[in-house]
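Below: one structure, written as structure tokens.
All residue numbers refer to positions in the sequence shown, counting from 1. All values below come from the heavy atoms of this structure, side chains included, with hydrogens, waters and symmetry mates left out.
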Amino acid sequence: MQPEQTADGSYTLFVPEMDEHYHSVKGARTESEHIFIQMGLQHVTVPAPRVLEIGFGTGLNAFLTLLEAERTHRPVCFTTIELYPVPEETLQLLGYPEQIAPSRAAEYEALHRAEWNKPVSITPWFTLHKIQGDFTQFPFTGAYDVIYFDAFAPDKQPEMWHPSLFESLYRITASGGVLTTYCAKGSVRRMLQSAGYTIERLPGPPGGKREILRATR
């Protein structure tokens, strides 16, 4: 994996074997803030959101969620599943804390050093539960107010974009909860609708994709 600077100055990782980036080359931070924080987390009004992220990756979405929880003093329980964790030495090349919130560098490191497969309190406002496992096989339980669906693109990881998986996610979405994703393809929209969600096509991030999807239960 190779670090690559994106249009907003933040970095992403390029995976040569898949010919794919972890984030948009139009702006990694801009994309994550728009799709997952603004259109997802900020959209729900519950006092203590339960967030599920499909694909921990670089930890950018988790870090931005932690910062939002600290800003609003709204406690977040954040669960994320990742089959292939990114090596720490690779993460250090991205420089997210320095670019985004230098005073929170310790918390960013704590996200990645937290023990897997158990809840860990990172700050008084943010609890992290990292699951090392295969999303396509994992028997999720409970209910989540926000789901960040941030898997690689359907043509790169088609097994992650199967109707049965969206049906499983619908079952664990709380009433009024939302799922947000960067992928606005018609096939994905139809799968989400078939699972039971109500779909909105929303403007994409500045300088990036034209549309994104938000699915509401």
Side-chain angles (χ1 to χ4, degrees), residues 12 15 18 20-24 28-44 49-65 68 76-84 86 128-174 176-205 208-217:
T12 187
V15 186
M18 298 180 67
E20 180 74 323
H21 294 85
Y22 270 70
H23 312 95
S24 171
R29 176 184 178 181
T30 301
E31 176 190 53
S32 291
E33 287 181 335
H34 178 82
I35 299 171
F36 302 114
I37 306 303
Q38 296 168 12
M39 299 300 169
L41 183 61
Q42 292 179 358
H43 181 73
V44 299
R50 298 157 295 179
V51 178
L52 171 64
E53 178 187 42
I54 306 302
F56 184 60
T58 65
L60 177 58
N61 296 336
F63 188 45
L64 293 173
T65 302
E68 179 69 7
V76 172
C77 289
F78 191 97
T79 300
T80 182
I81 184 164
E82 176 64 60
L83 185 57
Y84 302 110
V86 178
L128 176 67
H129 184 187
K130 294 191 300 186
I131 299 168
Q132 188 167 3
D134 184 349
F135 159 63
T136 67
Q137 304 295 325
F138 196 81
F140 287 104
T141 58
Y144 297 91
D145 305 293
V146 187
I147 297 176
Y148 300 167
F149 197 87
D150 201 18
F152 286 121
D155 61 330
K156 307 295 182 180
Q157 274 191 320
E159 70 278 9
M160 299 285 284
W161 303 80
H162 192 274
S164 64
L165 298 177
F166 288 116
E167 291 167 4
S168 296
L169 290 177
Y170 180 79
R171 288 194 291 270
I172 60 171
T173 304
V178 299
L179 177 152
T180 56
T181 180
Y182 65 87
C183 186
K185 292 181 66 173
S187 58
V188 173
R189 177 171 49 82
R190 289 188 291 273
M191 282 190 281
L192 288 165
Q193 286 177 321
S194 294
Y197 289 106
T198 300
I199 308 302
E200 298 173 86
R201 285 183 285 193
L202 303 172
K209 294 176 66 68
R210 185 169 62 88
E211 289 184 334
I212 65 168
L213 294 181
R214 181 167 63 207
T216 303
R217 175 161 186 178

Notebook entry, point to check: Could you go step by step and tell me if T136 and H162 meet the side chain to side chain contact (heavy atoms under 4.5 Å, CB included) rule?
Noted result: CA-CA 9 Å; T136 67; H162 192 274; over 6 Å; no
Margin query: Testing the basics here: between I81 and D134, what is the closest heavy-atom pair and its distance to 0.1 Å?
Written below: CD1-C, 3.9 Å
Notebook entry, point to check: Under 4.5 Å between any side-chain heavy atoms of H23 and L60, yes or no?
Noted result: yes
Check: Would you call P205 and I212 a side-chain contact if the rule is heavy atoms closer than 4.5 Å?
Finding: yes
Item checked: Candidate pair F36 and L64, rule side chain to side chain contact (heavy atoms under 4.5 Å, CB included), full reasoning -> CA-CA 9 Å; F36 302 114; L64 293 173; over 6 Å; no
Checklist line | CZ on F135 to CD on E159, rounded to 0.5 Å | finding: 10.5 Å
Checklist line | From I147 atom CD1 to Y170 atom OH, the distance as rounded to the nearest 0.5 Å | finding: 11.5 Å
Item checked: From CG (D155) to CD (E20), nearest 0.5 Å -> 7.0 Å
Next item on the list: Taking the side chain as every heavy atom from C-beta outward, state whether F56 and I131 have any pair of such atoms under 4.5 Å apart.
Entry: no
Checklist line | F152 CZ to M160 CE distance, which is reported to the nearest 0.5 Å | finding: 9.5 Å
Next item on the list: Look at the aromatic rings of F149 and F166 and report parallel, tilted or perpendicular, splitting at 30° and 60°.
Entry: tilted
Check: Where is the tightest heavy-atom contact between G40 and V146, given as atom of each residue plus distance?
Finding: C-CG1, 4.0 Å
Check: Any idea which heavy atoms bring Q157 and A151 closest together, and the distance?
Finding: OE1-CB, 4.2 Å
Checklist line | Step-by-step side chain to side chain contact (heavy atoms under 4.5 Å, CB included) determination, L41 to F78 | finding: CA-CA 11 Å; L41 183 61; F78 191 97; over 6 Å; no
Margin query: Checking R29 against S32: is there a side-chain donor and acceptor pair closer than 3.5 Å?
Written below: no
Notebook entry, point to check: Hey, are the side chains of E82 and K130 touching, using non-hydrogen atoms and a 4.5 Å cut-off?
Noted result: no
Checklist line | Within residues 177-199 or reaching into it, pairs that qualify as side-chain hydrogen bond (donor to acceptor under 3.5 Å, both in side chains) - sequence neighbours excluded | finding: T173-Y197
Item checked: Spacing of CG belonging to L179 relative to CG belonging to L169, to within rounding of 0.5 Å -> 6.0 Å
Checklist line | F138, CZ atom: more than 12 neighbouring heavy atoms under 6.0 Å | finding: yes
Check: What heavy-atom pair brings T12 and H21 nearest, and what distance separates the two atoms?
Finding: CG2-CD2, 3.8 Å
Margin query: Is the shortest side-chain heavy-atom distance between T65 and E53 below 4.5 Å?
Written below: no
Margin query: Using a 3.5 Å distance criterion without hydrogens, assess whether the side chain of K156 forms a donor-acceptor pair with backbone atoms of M18.
Written below: yes
Note to self: So does G177 get a backbone contact from the side chain of D145, meaning a donor-acceptor N/O pair under 3.5 Å?
What the structure shows: no
Margin query: So which atom in L202 and which in M39 form the shortest heavy-atom distance, rounded to 0.1 Å?
Written below: CD1-SD, 3.8 Å
Check: Which heavy atom of C183 sits nearest a heavy atom of L213, and at what distance?
Finding: O-CD1, 3.2 Å
Note to self: So, taking the atom named CG in L52 and the one named OG1 in T80, what distance separates them when rounded to the nearest 0.5 Å?
What the structure shows: 7.5 Å
Next item on the list: May I ask you to decide if A184's main-chain N or O and E211's side chain share a donor-acceptor pair within less than 3.5 Å?
Entry: no
